[in-house]
Amino acid sequence: MLAAALLLGAPTVEPRRALAQSADQCADQLIFDPKKGTFLTSDILFLPTQEGANCYAWQMFVAMNWPVNPGWPAAPALAGEPDRTASVAEWGVQSSPTSPISSVPVWESFKAAEEIFLPNAAPPSGWGVQEPPPAECRSDKMIFGYPTESVRVLSAISKNAVNSAHRFNLSSGTRDTVSQEIMEATGGWLTDQKGELVFFQRTVGKAEFDYIVDNNLFDAADQLRVATNQDGQHSKGLSLPRGGMLRTPPSDPQPQEELGAFEIKAAWRILTGEPAMFSRYMTTVAWLKRPDTGQCSQEVVGLVGLHIIHKTDTFPDFIWATFEQVDNVPGGSGAPPVNGYSFNNPDCTGPDCTPNQPRIECDGNTCRDLYPRDQPVQVDRGQKTPNNLVELNSSVQQKIASLTGGKSVFQYYELVNVLWDQSPSSEPTLEPGAGATVPLRYGTFQSEGNLPVANTTLETYIQSRSCDACHASATIAGSDTLASDFSFLFDDAGSSKAPHLVEQVKQFAEQSK
């Protein structure tokens with residue numbers, strides 16, 4: 001994004017000190033031209049304040065949801081590269097009112113987490129290589145003629161899923177007893193008001209993927225080696241790459257390797273057979289493989305929740321932005337939807353209508369279902385959207401509508417909140433460090449209204465806690481103490497080098513206490 005002074009013709013100042021002070025200013029400063037260097041940047045170009053963080057979050061949303069270069073997946077290296085020939089007038093616009101979006105957003109071309117952490121720590125395929133779906137999920141014909149080569153399989157892709165193939169929960173050292181592929185961060189699955197399960201997805205940007213591959217971090221033994229600096233080459237410990245600081249807006253797009261670590265988490269609801277709703281959602285066609293039944297089907301799915309987290313020089317403990325589709329639950333920036341809320345029934349009565357009730361109950365490593373999986377979950381927003389965000393969302397939504405003739409599905413998305421660290425501690429190195437233990441704390445996080453930052457579709461059952469409350473305790477595979485730089489992805493790793501690594505890591509952790 002360009003700094004306000006540069007856009008408004010004010011005297012030239014250091015770009016990071018030129019800040020959008022109002023919702024209208026932010027909307028006017030958002031960049032919808034992928035040829036500009038400020039379309040997606042390695043760090044914030046605003047002075048780090050809540051207003052700047054909010055605007056930077058919207059800029060990331062625009063860039064991440066821009067269509068990927070259409071040469072992907074035939075040319076794997078183009079994964080993560082936006083289509084620089086696409087115009088904003090086409091952004092999020094359907095080819096016909098009753099068809100899903102035909103293009104793939106940038107973040108969906110990122111590497112899927114389940115394709116990185118494979119059984120027996122097998123090396124992942126290269127960046128941008130799209131893995132074929134399993135035999136039971138293949139067909140010569142896709143609904144709506146969607147390009148089969150870019151279709152995702154959604155199954156073992158929840159925020160907390162163990163690797164579905166090795167079915168081993170490394171954090172507990174036990175066989176996994178619960179099918180977690182449709183589970184949220186905690187509390188179980190999520191079912192919409194039509195009785196359909198929500199499916200989750202996690203993807204990783206190129207800078208982070210390269211770091212994982214270059215350091216063999218898909219193997220738990222190498223995670224231990226790096227986190228504890230056993231080889232003397234990793235004094236920062238397991239430290240994900242951060243985007244470099246920018247003092248002036250870049251004139252050309254930055255290489256992905258310079259952008260820093262990106263992790264994306266998404267939630268999708270099934271919209272098959274509901275073409276009238278397609279115009280309000282970022283839609284795609286996907287294979288959905290039910291982990292509890294093994295059934296696989298082609299479905300049209302609509303994006304209902306999206307986390308974007310990004311590690312930068314200004315935010316070495318990440319900036320955490322979360323978005324939702326406006327029809328999810330009451331209390332956001334959207335008007336009551338004609339077809340009803342996706343996850344809330346205002347007329348619901350009785351004990352089953354208590355909002356945000358977990359779907360499972362666990363005792364140790366054994367969990368039991370509390371409700372049928374096709375029973376809708378009554379969801380409400382645990383934190384009222386602050387007025388400043390309501391105003392900002394409205395301004396940005398109007399901007400998107402004006403640029404697309406009112407046709408873009410992205411005018412129906414809202415920023416829920418942004419978590420960021422105003423003044424991370426400069427000691428010792430702003431990196432985890434060798435042998436770093438959880439919880440990682442660099443400074444004090446804040447958000448709009450000082451509210452917990454939670455998404456109703458991704459943290460339905462723990463909306464009273466912010467992202468950092470959990471992610472600060474993220475560990476490497478098999479360890480209860482060794483930090484993995486705020487990322488839970490690493491806990492999915494197996495090991496080809498040390499079959500009994502789980503116990504080895506636990507012993508190391510005990511000795512380090």
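Numbering starts at 1 and runs along the sequence shown.
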Minimum heavy-atom distance [X]-[Y], with the two atoms named:
{"X": "Leu440", "Y": "Pro432", "result": "CD1-CG, 4.2 Å"}
{"X": "Pro48", "Y": "Thr314", "result": "CG-CG2, 3.6 Å"}
{"X": "Leu238", "Y": "Ala483", "result": "CB-O, 4.2 Å"}
{"X": "Pro133", "Y": "Val153", "result": "CB-CG2, 3.4 Å"}
{"X": "Leu303", "Y": "Tyr281", "result": "O-CD2, 3.6 Å"}
{"X": "Asp43", "Y": "Gly244", "result": "CB-O, 3.4 Å"}

[Y] side chain reached by [X] side chain, heavy atoms, under 4.5 Å:
{"X": "Phe315", "Y": "Ile44", "answer": "yes"}
{"X": "Met64", "Y": "Phe262", "answer": "yes"}
{"X": "Glu208", "Y": "Ser487", "answer": "yes"}
{"X": "Asp491", "Y": "Ser484", "answer": "no"}
{"X": "Asn65", "Y": "Leu306", "answer": "yes"}
{"X": "Leu419", "Y": "Phe318", "answer": "no"}
{"X": "Leu489", "Y": "Val204", "answer": "yes"}
{"X": "Val377", "Y": "Phe343", "answer": "no"}

Roughly how far apart are [X] [atom1] and [Y] [atom2], rounded to 0.5 Å?
{"X": "Leu217", "Y": "Ile212", "atom1": "CG", "atom2": "CD1", "answer": "6.5 Å"}
{"X": "Leu154", "Y": "Gln201", "atom1": "CG", "atom2": "CD", "answer": "5.5 Å"}
{"X": "Leu190", "Y": "Arg373", "atom1": "CG", "atom2": "CZ", "answer": "12.5 Å"}
{"X": "Leu197", "Y": "Asp374", "atom1": "CG", "atom2": "CG", "answer": "8.0 Å"}
{"X": "Ile462", "Y": "Cys470", "atom1": "CD1", "atom2": "SG", "answer": "4.5 Å"}
{"X": "Asp231", "Y": "Arg225", "atom1": "CG", "atom2": "CZ", "answer": "5.0 Å"}

Is it the case that the ring center of Phe410 lies less than 6.0 angstrom away from the ring center of Phe61?
yes
Before we go on, tell me: are the rings of Trp420 and Tyr56 under 6.0 Å apart, centre to centre?
no
Hey, is the main chain of [Y] close enough, under 3.5 Å, to the side chain of [X] for a donor-acceptor pair?
{"X": "Thr203", "Y": "Phe110", "result": "no"}
{"X": "Gln422", "Y": "Gln446", "result": "no"}
{"X": "Gln59", "Y": "Ile31", "result": "yes"}
{"X": "Gln254", "Y": "Ser42", "result": "yes"}
{"X": "Asp192", "Y": "Glu196", "result": "yes"}
{"X": "Asn455", "Y": "Thr457", "result": "yes"}
{"X": "Trp66", "Y": "Asp83", "result": "yes"}
{"X": "Arg152", "Y": "Glu108", "result": "yes"}
{"X": "Tyr371", "Y": "Pro358", "result": "no"}
{"X": "Asp219", "Y": "Gln223", "result": "no"}

May I have the step-by-step check of side-chain contact (heavy atoms from CB on, under 4.5 Å) for Leu288 and Ile270, ending in yes or no?
CA-CA 9 Å; Leu288 300 188; Ile270 297 173; 3.5 Å; yes
Distance-only polar pair, side chains of [X] and [Y], donor-acceptor under 3.5 Å:
{"X": "Ser125", "Y": "Glu131", "result": "yes"}
{"X": "Gln383", "Y": "Gln463", "result": "no"}
{"X": "Glu81", "Y": "Trp72", "result": "no"}
{"X": "Glu324", "Y": "Thr456", "result": "yes"}
{"X": "Asn215", "Y": "Asp222", "result": "no"}
{"X": "Thr322", "Y": "Lys265", "result": "no"}
{"X": "Tyr146", "Y": "Thr284", "result": "yes"}

Salt bridge (Lys or Arg N to Asp or Glu O under 4.0 Å): pairs with one or both residues in residues 299-311, sequence neighbours excluded:
Lys311-Glu431, Lys311-Asp485
Considering residues at least two apart in sequence or located in another chain, which fulfil the side-chain contact (heavy atoms from CB on, under 4.5 Å) criterion with Pro132?
Arg138
Show, in sequence, the C-alpha distance, side-chain angles and deciding distance for Phe490 and Leu240, and conclude whether the side-chain contact (heavy atoms from CB on, under 4.5 Å) test is met.
CA-CA 11 Å; Phe490 293 91; Leu240 297 176; 3.8 Å; yes
Walk me through whether Asp468 and Arg441 qualify under salt bridge (charged side-chain N to carboxylate O under 4.0 Å, His left out).
CA-CA 9 Å; Asp468 68 303; Arg441 297 290 183 195; 3.1 Å; yes
Test ring pair (Phe, Tyr, Trp, His ring centres under 6.0 Å), reference Trp320, set His307, His310, His471, output is His471
Residues Thr283, Ile101; criterion side-chain contact (heavy atoms from CB on, under 4.5 Å); working and verdict:
CA-CA 5 Å; Thr283 48; Ile101 300 293; 3.6 Å; yes
Take Val226 and Tyr211, measure what side-chain contact (heavy atoms from CB on, under 4.5 Å) needs, and give me the verdict at the end.
CA-CA 11 Å; Val226 171; Tyr211 176 80; 4.0 Å; yes
Under 4.0 Å between a side-chain nitrogen and a carboxylate oxygen: does that hold for Glu414 and Arg381?
yes
